[in-house]
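Residue numbering restarts at 1 for every chain, and letters A, B, ... go by the order of the sequence lines. All values below were derived from every heavy atom in this structure, side-chain atoms included, with hydrogens, water molecules and symmetry-related copies excluded.
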There are 2 protein chains.
Amino acid sequence: MSISRSSASTASKKRQILPRAVRREQLIQATMRCIARLGLSSVTLSQVTKEAGLSQGIANLHFAGKEDLLVETLRYVTGEYNRGQIQILEDPAFALPSERLAALVNFQFSRSVTEETKMAVWFAFYGEAKSRPTYKAICAQADAKAARLVRRLFADVGLELDRSMDPVMVAEGYIALIDGLWLSLLLVPKKMTRAKAKRVAWAHLNGIFLTL
Amino acid sequence: MSISRSSASTASKKRQILPRAVRREQLIQATMRCIARLGLSSVTLSQVTKEAGLSQGIANLHFAGKEDLLVETLRYVTGEYNRGQIQILEDPAFALPSERLAALVNFQFSRSVTEETKMAVWFAFYGEAKSRPTYKAICAQADAKAARLVRRLFADVGLELDRSMDPVMVAEGYIALIDGLWLSLLLVPKKMTRAKAKRVAWAHLNGIFLTL
DNA sequence: GATGAGAATGAACGCTGGTTCATTCCCATC
DNA sequence: GATGGGAATGAACCAGCGTTCATTCTCATC
């Protein structure tokens, strides 16, 4: 509490009025950090607003309530990931499907995507999705979109390499592997690194596309 | 659970005194059902005790508190799974490592292991593990044990099939795939069935062991 | 500089949920 | 059948949380 900085660390003493969109973003970011630090079940609004360097009541001013803030946080991470994925899967610059696949793998294990905070948020909501229809719907929708895109990519790679295989099965296997690797990255980062995960993913892909 | 029905539905009116171990088991079972139905963050002791058909205060009588009950529930599922896994991986009855591997796959996608309630509990705790050292330790320990056993199995299978590969990498990939498939089974059971998951797992294994 | 619309604040409120403990009641023992 | 130890109960307690709203303060407009 001193001079006049805005962020969490040295909070400004001066009250500031900012656009709704900015406040919402600040609160969502703070929520992500809180989920990563405390877990979804221990997140409180006073923690979140303190993390954001704002006042207690502000969450209810810009969101319909705590639950709404959480849902928007989930939408934020799934949306961001999906946009990145679509950009790769629809970029016309790739000459070969296999090059596109390589770009996808690199994206999925990029520093930005595998950032600890995001992984923590992702799996925190997955853990609750079973019993929360709203979370489940958002996760399922994100997954379905990813699956569709990956399926098409794998079909193309199959044609390129002249392999006959079922794109549906292959896509499901690949996505499951990525999810599992992300879980390892989150829980045992000492044992599973991004580089290692990438190698494991490639071993899988080589196995799928080069068998027989 | 016998003549005078004790469970939730038609509660027995008579008070009953049972051994500590039985009460603990009842409460853990009820906790698992509540986690599956409500999610870890919405579980309350009054829900759990009602589900068990017992009184409010009983959880604190047989466990140190709510947190202890949750931890013991996590230990219960991980312990059960590990015992099943060890039984297969150390059963001397298998002639070939590949047969042992087949048994492992069947076990991992058996009805008992993939039971909705257990999967829900499993992932609920995984989702919180990042921020809860106690949960994290239990999960990590279970994972480490599984990894060690699977690594050895894969080394044996490699010898049997005369393939040279790195058992560490292969084991990590396999375990990640299984985790990812379980997640699909939990979240989109309409799309991912046990049979399908098994086929995906075999496609992966064939790819790994038959490549080049 | 004055003004007012409304963004931001934070104290206060009510409710929910974990924990406690006086009381009740079972049942092994005699 | 009587009895005492202690398992089980459930009402009461209290801390912590989400939400509200009277008040404060900012800044675009004039």
Worksheet entry | Derivation of the salt bridge (Lys or Arg N to Asp or Glu O under 4.0 Å) call for Glu172(B) and Arg151(B) | CA-CA 8 Å; Glu172(B) 249 141 31; Arg151(B) 230 177 286 145; 5.4 Å; no
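Distance CD1 (Ile17(B)) to C1' (dC26(C)): 4 Å, rounded to an integer number of Å. As rounded to whole Å, 11 Å separates atom C1' of dG6(D) from atom CZ of Arg15(B). For Leu18(B) and dA28(C), the CG to P distance is 11 Å, given to the nearest whole Å. Between Arg24(B) atom CZ and dA7(D) atom P there is a gap of 14 Å when expressed in whole angstrom units. If you measure from atom NZ of Lys66(B) to atom P of dG17(C), you get 9 Å, rounded to the nearest angstrom. For the pair Arg20(A) CZ and dT26(D) P, the computed distance is 21 Å after rounding to whole Å.
Taken residue by residue, residues 54-64 of chain B places heavy atoms nearer than 4.0 Å to DNA chain D at Leu54(B), Ser55(B), Gln56(B), Gly57(B), Ile58(B), Leu61(B), His62(B).
Contacts classified as side chain to side chain donor-acceptor pair (under 3.5 Å) and involving residues 56-65 of chain B (residues at least two apart or in different chains) are not found.
Residue contacts shown for Val48(B) are absent, as no nucleic acid heavy atom lies under 4.0 Å away. Using a 4.0 Å heavy-atom cutoff across all strands shown, Val22(B) reaches no nucleic acid atom at all.
Distances shorter than 4.0 Å separate none of the side-chain N or O atoms of Arg23(A) from OP1 or OP2 on dA7(C).
You'll find that the side chain of Leu45(B) is closest to dG18(C), out of dT9(C), dG18(D), dG18(C).
A side-chain contact (heavy atoms from CB on, under 4.5 Å) with Gln26(A) holds for exactly one of Ile58(A), Thr49(A), Leu54(A); it is Leu54(A).
Side-chain contact annotation: Tyr126(B) with Asp143(B), donor-acceptor N/O pair under 3.5 Å present. When only modelled atom types and interatomic distance are considered, Glu51(B) and Gln47(B) share no side-chain donor-acceptor pair under 3.5 Å. Counted by atom type alone, Ser42(B) and Arg132(A) present one or more donor-acceptor pairs between their side chains at under 3.5 Å.
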